[in-house]
2 protein chains.
Amino acid sequence: MRNRSVTYSSEATFQALSDPTRRAVLDLLCRGAQPAGKIAASFPVSRPAISRHLRQLRKARLVVEHRSGRHRLYQLNPAPLKAVDSWLQHYRRFWEINLTNLKNFVESEYARESDLKK
Amino acid sequence: MRNRSVTYSSEATFQALSDPTRRAVLDLLCRGAQPAGKIAASFPVSRPAISRHLRQLRKARLVVEHRSGRHRLYQLNPAPLKAVDSWLQHYRRFWEINLTNLKNFVESEYARESDLKK
DNA sequence: AAAATATGTAACCGTATAGTTACGAATAAA
DNA sequence: TTTATTCGTAACTATACGGTTACATATTTT
């Protein structure tokens with residue numbers, strides 16, 4: 001078998017993750033592969049809506065589809081999340097050092113909700 | 001000074017991160033705080049467009065604004081990224097184990113570009 | 001006080017997105 | 001071979017989003 005290497009666009013990944021329903025689908029698939037209908041039944045939106053979310057997750061390769069008869073099992077593919085992880089890696093060094101510096105500011109009166117809503 | 005604890009909505013964070021320009025702004029601010037105008041000058045879009053991106057980043061608390069005269073310095077606040085990190089943490093255990101399982105499938109003929117574009 | 005500078009906001013436009021209902025295609029069951 | 005079942009797609013609607021230009025506001029400089 002060809003061992004083709006696959007690259008994942010973090011652009012597509014971030015875009016797919018921007019929707020809370022899609023993130024919830026991924027969270028659900030952590031517990032194991034599920035057919036499309038069962039996934040849809042877990043959410044308050046219609047089945048076609050979930051079907052389209054699954055299509056976007058497929059495009060981002062965050063899930064893979066296994067067809068079996070009239071069922072289509074969706075399985076989590078965590079690989080593209082590595083792109084997000086490596087983007088995040090860039091920021092980890094700031095967490096501890098900047099948290100100390102910004103702690104006073106961010107938690108101060110200057111960071112009130114009222115200032116952020118505008 | 002009051003030591004108020006601040007919680008970050010991963011919803012707002014993911015939403016803010018969904019745009020490539022906003023992610024690029026954060027990347028830029030890794031090199032240090034910058035005034036709005038200088039940030040805008042780094043991008044091919046108009047200054048008002050960047051101004052609105054900055055507003056969204058402010059809402060998500062991914063940046064903090066320090067006013068100084070007629071300048072407004074924007075500084076990275078990496079704290080909300082911890083919410084993304086902890087969401088990601090949930091998936092890290094799947095990386096190694098599932099990569100082995102899915103490697104053959106994802107890299108096989110079944111994962112052609114043509115199947116994903118539809 | 002007037003002019004220049006730095007920046008946010010308003011109004012508008014085009015496109016993307018998420019949702020719905022109706023329908024079509026494929027497979028399994030009767 | 002009908003009939004169910006499972007699932008995706010088409011068409012449509014409403015809203016969100018990113019971009020632009022024009023304008024308002026605040027502060028510094030002259």
Side-chain angles (χ1 to χ4, degrees), chain A residues 9 11-26 28-29 33-75 110-112 114-118, chain B residues 9 11-26 28-29 32-75 110 112 114-118:
Chain A
S9 144
E11 176 57 35
T13 308
F14 274 111
Q15 216 288 328
L17 295 180
S18 70
D19 183 81
T21 301
R22 285 193 289 271
R23 290 198 303 277
V25 168
L26 294 180
L28 186 66
L29 294 183
Q34 287 195 10
K38 201 175 175 192
I39 295 171
S42 305
F43 294 92
V45 298
S46 70
R47 193 186 51 69
I50 296 295
S51 180
R52 282 176 33 181
H53 281 308
L54 289 171
R55 175 166 42 170
Q56 290 189 247
L57 290 170
R58 234 159 42 218
K59 278 191 192 178
R61 308 211 196 202
L62 282 161
V63 300
V64 278
E65 180 200 51
H66 301 267
R67 303 192 186 189
S68 155
R70 56 188 176 187
H71 291 85
R72 302 201 187 184
L73 268 118
Y74 282 94
Q75 181 172 4
Y110 298 104
R112 278 207 190 91
S114 57
D115 296 327
L116 299 165
K117 289 285 172 57
K118 288 189 285 194
Chain B
S9 144
E11 175 57 35
T13 308
F14 274 111
Q15 215 289 326
L17 294 180
S18 70
D19 183 82
T21 300
R22 285 193 290 271
R23 289 197 304 277
V25 167
L26 295 180
L28 187 65
L29 293 182
Q34 288 195 12
K38 201 174 172 192
I39 295 170
S42 305
F43 293 92
V45 297
S46 70
R47 193 186 49 71
I50 295 295
S51 180
R52 281 174 37 182
H53 281 308
L54 289 171
R55 174 164 45 171
Q56 290 188 247
L57 290 170
R58 236 160 39 219
K59 279 192 193 176
R61 307 210 197 203
L62 281 161
V63 300
V64 279
E65 181 200 51
H66 301 267
R67 303 192 186 189
S68 155
R70 59 189 174 187
H71 292 84
R72 302 200 188 185
L73 270 125
Y74 283 93
Q75 181 172 5
Y110 298 104
R112 277 207 190 93
S114 57
D115 296 328
L116 300 164
K117 288 284 173 57
K118 287 190 288 193

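In what follows, chains carry the letters A, B, and so on, assigned in the order in which the sequence lines appear, proteins first and then strands, with residues in each chain numbered from 1. Computation of the quantities below employed the complete heavy-atom set of this structure, encompassing side-chain atoms and omitting hydrogens, waters and symmetry-equivalent molecules.
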Please identify which of these residues, A/Q75, A/R72, A/H71, meets the side-chain hydrogen bond (donor to acceptor under 3.5 Å, both in side chains) condition with A/H66.
A/Q75

Grab the CZ-P distance between B/R67 and D/dA26 for me, whole Å please.
10 Å

Rounding to a whole Å, what distance do you find between B/R22:CZ and D/dA16:P?
15 Å

Given atom OH of B/Y74 and atom P of C/dA6, what is their separation to the nearest angstrom?
15 Å

Could you give all pairs that pass the side chain to side chain donor-acceptor pair (under 3.5 Å) test and reach residues 43-53 of chain A, with sequence neighbours left out?
A/R22-A/H53

Closest listed nucleotide, where the reference is the side chain of B/H71 and the choices are C/dT7, D/dC17, C/dA18
C/dT7

Distance, rounded to the nearest Å, where B/I39 contributes CD1 and C/dG8 contributes C1':
14 Å

For a quick test of reading the model: is some side-chain N or O of A/Q56 closer than 4.0 Å to OP1 or OP2 of C/dT17?
no

Nearest 0.5 Å, what's the CD-CG distance between A/Q15 and B/D19?
10.0 Å

Measure the OG1-CG distance between B/T21 and B/L54 for me, rounded to the nearest 0.5 Å.
11.0 Å

Whole-Å distance, A/Q34 CD to D/dT6 P, equals 14 Å

Closest listed nucleotide, where the reference is the side chain of B/R58 and the choices are C/dG8, D/dG8, C/dA6
C/dG8

How close or far is atom C1' of C/dT17 from atom CZ of B/F14, stated in whole angstroms?
19 Å

B/K59 atom NZ is separated from D/dG18 atom P, nearest whole Å, by 11 Å

Qualifying residues under side-chain contact (heavy atoms from CB on, under 4.5 Å), relative to B/L26, sequence neighbours excluded:
A/W87, A/Y91, B/L17, B/L57, B/L62, B/V63, B/L76

Interatomic distance, B/L57 CG vs D/dG18 C1' [rounded to whole Å]:
14 Å

Tell me what A/F43 touches on the nucleic acid: a base, only sugar-phosphate, or nothing, going by heavy atoms under 4.0 Å.
nothing

Applying side chain to side chain contact (heavy atoms under 4.5 Å, CB included) to A/L28 and A/F43, what does each step give before you reach the verdict?
CA-CA 11 Å; A/L28 186 66; A/F43 294 92; 4.2 Å; yes

Under 4.0 Å between a side-chain N or O of A/Q15 and OP1 or OP2 of C/dT17?
yes

Pairs under 3.5 Å (N/O, protein and nucleotides 19-26 of chain C):
{"residue": "C/dG19", "atom": "OP2", "partner": "A/H53", "partner atom": "NE2", "Å": "2.6"}
{"residue": "C/dG19", "atom": "O6", "partner": "A/R52", "partner atom": "NH1", "Å": "2.7"}
{"residue": "C/dT20", "atom": "OP2", "partner": "A/S46", "partner atom": "N", "Å": "2.7"}
{"residue": "C/dT20", "atom": "OP2", "partner": "A/S46", "partner atom": "OG", "Å": "2.5"}

Rounded at 0.5 Å granularity, tell me how far NZ in B/K38 sits from CG in B/L73.
9.5 Å

